[in-house]
**Student:** 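Just dropping this structure here.
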Amino acid sequence: MLKDTYCGDLRAADAGRTVRLAGWVHRRRDHGGLIFIDLRDSHGIVQIVLSPDQAEAHEAAHRARTEWVLAVEGEVRPRSAATINPNIPTGEVEVVPARVEVLSEAQTPPFYINEPVEVDEQLRLRYRYLDLRRPEAGNIIRLRHEVVRYIRDFLSDRGFIEVETPTLIKSTPEGARDFLVPSRMRPGQFFALPQSPQILKELLMVAGVEKYFQLARCYRDEDFRANRVAEHTQLDLEMSFVDEADVMGLVEELYTGIAQRFGGGRPIASTPFPKLDYFDCMDRYGIDRPDLRYGLEVVNIADTVRRSEFKVFQDALANGGEIKAIRIPGQAGMTRREIDHLTETARSGGARGLAYIGFTGDELRSPIARFLSESEVNAIRTVTGANDGDMVVIVADQADVVAKSLYEVRDALGTSLGLKNQDQLSFAWVTGFPLLEWRPDEERWDATHNPFSGFREEDRHLLDTDPGKVIARQYDLTLNGSEVGGGSIRISNRADQERILAMMRHSPEQQRERFGVLLDALEFGAPPMGGVGMGIDRLMMSLVGTENIRDVIAFPKASSGTDPLMSAPSPVDDAQLRELGLRLIG
RNA sequence: GGCCCCGUGGUGUAGCGGCCUAACAUGCCACCCUGUCAAGGUGGAGAUCGGCGGUUCGAAUCCGCUCGGGGUCGCCA
């Protein structure tokens with residue numbers, strides 16, 4: 001090794017040691033006589049001091065520029081009291097080199113590495129290897145390693161084995177669009193990249209593995225978002241002979257440990273994690289992954305205004321809809337502009353408008369008050385618990401529109417009122433999901449999560465009479481309002497699996513073609529089984545407090561779906577295409 | 001695919017019809033400088049304003065198209 005010590009590791013106790021350091025010039029302060037160089041490596045930064053006495057070293061330091069790579073050999077010296085820098089961990093010492101060697105020179109970087117300035121993301125991605133030198137960026141990748149290592153240790157200690165599954169698998173036209181890989185040896189045929197190792201992990205259970213996990217790369221060929229990329233990493237895990245409580249308990253212990261160790265001291269809002277029912281969630285938050293860091297719960301006020309004159313309310317109820325409200329404490333005086341903005345937000349959720357009542361002492365601030373009797377207003381006030389100074393906003397429409405609109409309103413308020421406390425990790429389980437939902441356009445049932453989720457035995461009879469009422473043995477984990485993972489106890493017998501697939505309008509031929517392997521395997525002694533897929537990227541986003549999923553990935557694709565670093569995708573030679581039996585059209 | 005926002009020296013921004021021969025900060029280069037840590041001082045180089053076309057006496061500034069980027073809806077678990 002050219003070095004025996006990391007720059008960032010030096011402390012007062014190292015004073016007097018002779019060390020060999022190597023790293024990058026973070027910053028240089030050349031006083032003509034004295035030269036200070038902040039030398040940076042993967043552990044941090046330490047100050048190097050060069051006086052003109054050591055002519056050769058001084059000369060090298062004088063030539064050196066930002067991001068040059070230097071090897072330094074010298075003595076660690078305590079700094080005098082007046083020159084201690086309390087802002088950096090190594091600030092009590094500095095290194096006085098006898099020798100400075102330039103290992104590599106460097107062009108001026110295209111953006112600042114030594115200052116946290118917001119730079120165009122494409123430029124950063126194109127030079128990601130420089131971007132990652134920025135401690136703020138690189139430390140996320142290092143933290144990710146620690147988290148992943150913790151996961152591996154945790155599960156290994158509990159008898160899990162990590163098994164790799166293939167990256168080239170069979171395409172199933174279910175769910176998201178597959179990435180396809182043409183087969184050279186079978187021209188005209190294609191592999192798909194896995195959207196998750198779902199079937200394979202169930203086969204591992206049939207294989208008697210009992211406890212499996214994998215940090216699996218999952219691929220979906222869909223458009224990107226701030227928190228969505230084409231390839232993401234999931235902690236994929238499956239266990240035999242378990243029920244919901246076993247899997248949820250294990251995941252909860254794991255995630256509590258991760259949050260405590262890597263959450264930067266941020267408290268977990270509640271342990272054990274709250275368990276919410278899906279229908280309850282939809283009722284109170286309008287969404288199945290509520291952000292529990294703040295209140296602003298949705299209240300049903302249909303009963304209080306059932307006999308109201310107000311046509312909007314009448315129509316909604318006459319058409320089988322709902323009327324719900326959110327009480328916003330202390331916001332009766334919000335500006336016209338803010339109200340308009342909230343109304344716009346509600347409209348984006350499908351609502352035609354947003355009614356409001358501001359309780360400002362004796363007066364009511366409300367365009368709809370004249371359609372309501374005094375007792376109705378009082379009833380609304382009682383049901384919502386509104387005090388003087390509170391604002392109540394109301395949406396009346398079909399249930400799904402009310403839910404979506406008020407979810408959007410609540411979410412917007414959470415942001416604008418500063419209620420999304422970044423210093424809190426608020427986990428919650430959501431269970432009790434419907435197994436199936438009706439697709440009117442396709443006239444078939446579809447799985448709400450995945451077609452292998454089991455269902456409550458007591459709901460079995462409903463499969464014939466009212467399939468939409470069947471509750472799945474599904475559980476999702478949410479963190480600060482985003483879904484960080486989910487799983488289920490699986491169907492583990494062929495008859496049930498075939499029955500569900502049939503309800504989803506898979507013909508027996510399609511079932512054999514697409515899921516034959518699994519169906520067969522379920523006939524050879526399949527154990528009861530269940531597991532989860534946990535999104536590692538989103539977990540890391542929460543741990544480091546970023547909105548951008550690309551921050552937690554070493555070499556991410558840009559939002560456009562391209563790779564500015566490698567310039568991918570790119571055209572290929574005709575010869576390559578020919579070999580694959582492909583020809584480009586258009 | 002729809003909608004919204006952005007595109008000015010290396011980087012981050014200002015300028016939004018003529019005062020722009022494009023400003024500021026930082027970075028870069030040179031010189032001065034022995035205790036700085038965003039070192040300081042002096043001087044200097046560096047962008048025709050994403051591209052194309054149009055309106056106008058005159059366009060970084062207005063209009064159209066286009067390319068690139070970001071966000072969002074659709075899509076996606």
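Throughout, a chain's letter reflects where its sequence line sits, starting with A, and its residues are numbered from 1.
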**Student:** On a whole-Å scale, what distance lies between the P atoms belonging to B/U26 and B/U42?
**Tutor:** 11 Å

**Student:** Closer than 3.5 angstrom, by distance alone: can the side chain of A/Asp246 be matched with the main-chain N or O of A/Asp243 as a donor-acceptor pair?
**Tutor:**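 At least one qualifying donor-acceptor pair exists.
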
**Student:** In whole angstroms, how far is the P atom of B/U11 from the CD atom of A/Glu67?
**Tutor:**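 Answer to the nearest Å: 16 Å.
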
**Student:** On a whole-Å scale, what distance lies between the P atoms belonging to B/C24 and B/G46?
**Tutor:** 15 Å

**Student:** What is the distance from CG of A/Asp411 to C1' of B/G71, rounded to the nearest Å?
**Tutor:**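 Distance, rounded to whole Å: 15 Å.
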
**Student:** Could you label the plane-to-plane angle of the A/Trp429 and A/Phe273 rings as parallel, tilted or perpendicular, counting under 30° as parallel and over 60° as perpendicular?
**Tutor:**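 Tilted, since the angle between the ring planes falls between 30° and 60°.
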
**Student:** Mind checking who B/G12 pairs with, Watson-Crick or G-U wobble, both distances under 3.5 Å?
**Tutor:** B/C24

**Student:** Among residues at least two apart in sequence or on other chains, which ones pass ring pair (Phe, Tyr, Trp, His ring centres under 6.0 Å) with A/Phe36?
**Tutor:**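 For A/Phe36, the residues satisfying ring pair (Phe, Tyr, Trp, His ring centres under 6.0 Å) (neighbours in sequence not counted) are A/His31.
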
**Student:** May I have the distance from A/Lys557 (atom NZ) to B/G70 (atom P), rounded to whole angstrom?
**Tutor:** 13 Å

**Student:** Say we look at B/G51 and B/U8: how far apart would their P atoms be, to the nearest angstrom?
**Tutor:** 10 Å

**Student:** At under 4.0 Å between heavy atoms, which parts of nucleotides 31-46 of chain B does protein reach? Answer with one letter per nucleotide, 5' to 3': B base, S sugar-phosphate only, - none.
**Tutor:** --BBBBBSB-------

**Student:** Restricting to ring pair (Phe, Tyr, Trp, His ring centres under 6.0 Å), what partner residues turn up for A/Trp68, sequence neighbours left out?
**Tutor:** none

**Student:** Base contacts versus sugar-phosphate-only contacts with protein, heavy atoms under 4.0 Å: please encode nucleotides 72-77 of chain B as B, S and - from 5' to 3'.
**Tutor:** SBBBBB

**Student:** At 4.0 Å (heavy atoms only), tell me whether A/Thr66 reaches a base, stays on the sugar-phosphate, or touches nothing.
**Tutor:**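 Since only primed, P, OP1 and OP2 atoms lie under 4.0 Å of A/Thr66, the category is sugar-phosphate.
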
**Student:** Would you please name every residue forming a ring pair (Phe, Tyr, Trp, His ring centres under 6.0 Å) with A/Phe515, sequence neighbours left out?
**Tutor:**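 Partners of A/Phe515 under the ring pair (Phe, Tyr, Trp, His ring centres under 6.0 Å) test: A/Phe452, A/His506.
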
**Student:** Kindly indicate, with the supporting measurements, whether the criterion side-chain hydrogen bond (donor to acceptor under 3.5 Å, both in side chains) is fulfilled by A/His26 and A/Asn114.
**Tutor:** CA-CA 6 Å; A/His26 189 67; A/Asn114 51 17; 5.5 Å; no

**Student:** Taking the P atom in each of B/C65 and B/U11, what is the distance between them to the nearest angstrom?
**Tutor:**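 Straight-line distance between the two P atoms is 29 Å.
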
**Student:** Mind checking who B/U48 pairs with, Watson-Crick or G-U wobble, both distances under 3.5 Å?
**Tutor:**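 Per the H-bond distance test, none.
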
**Student:** Quick one: look up who B/G7 pairs with, Watson-Crick or G-U, both distances under 3.5 Å, and put none if it's unpaired.
**Tutor:** B/C67

**Student:** Between B/G17 and B/C57, how far apart are the two C1' atoms, rounded to whole Å?
**Tutor:** 12 Å

**Student:** B/C4 and B/C63: how far apart are their P atoms, nearest whole angstrom?
**Tutor:**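 B/C4 and B/C63 have their P atoms separated by 13 Å.
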
**Student:** Ignoring hydrogens and geometry beyond distance, is a side-chain donor-acceptor pair present between A/Asp178 and A/Gln195 at under 3.5 Å?
**Tutor:** yes

**Student:** Closer than 3.5 angstrom, by distance alone: can the side chain of A/Ser488 be matched with the main-chain N or O of A/Gln474 as a donor-acceptor pair?
**Tutor:** no

**Student:** Collect all protein-nucleotide pairs involving nucleotides 65-69 of chain B in which both atoms are nitrogen or oxygen and the distance is under 3.5 Å.
**Tutor:**
residue : atom : partner  : partner atom : Å
B/G68   : O2'  : A/Gln122 : OE1          : 3.4
B/G69   : OP1  : A/Ser560 : OG           : 3.0

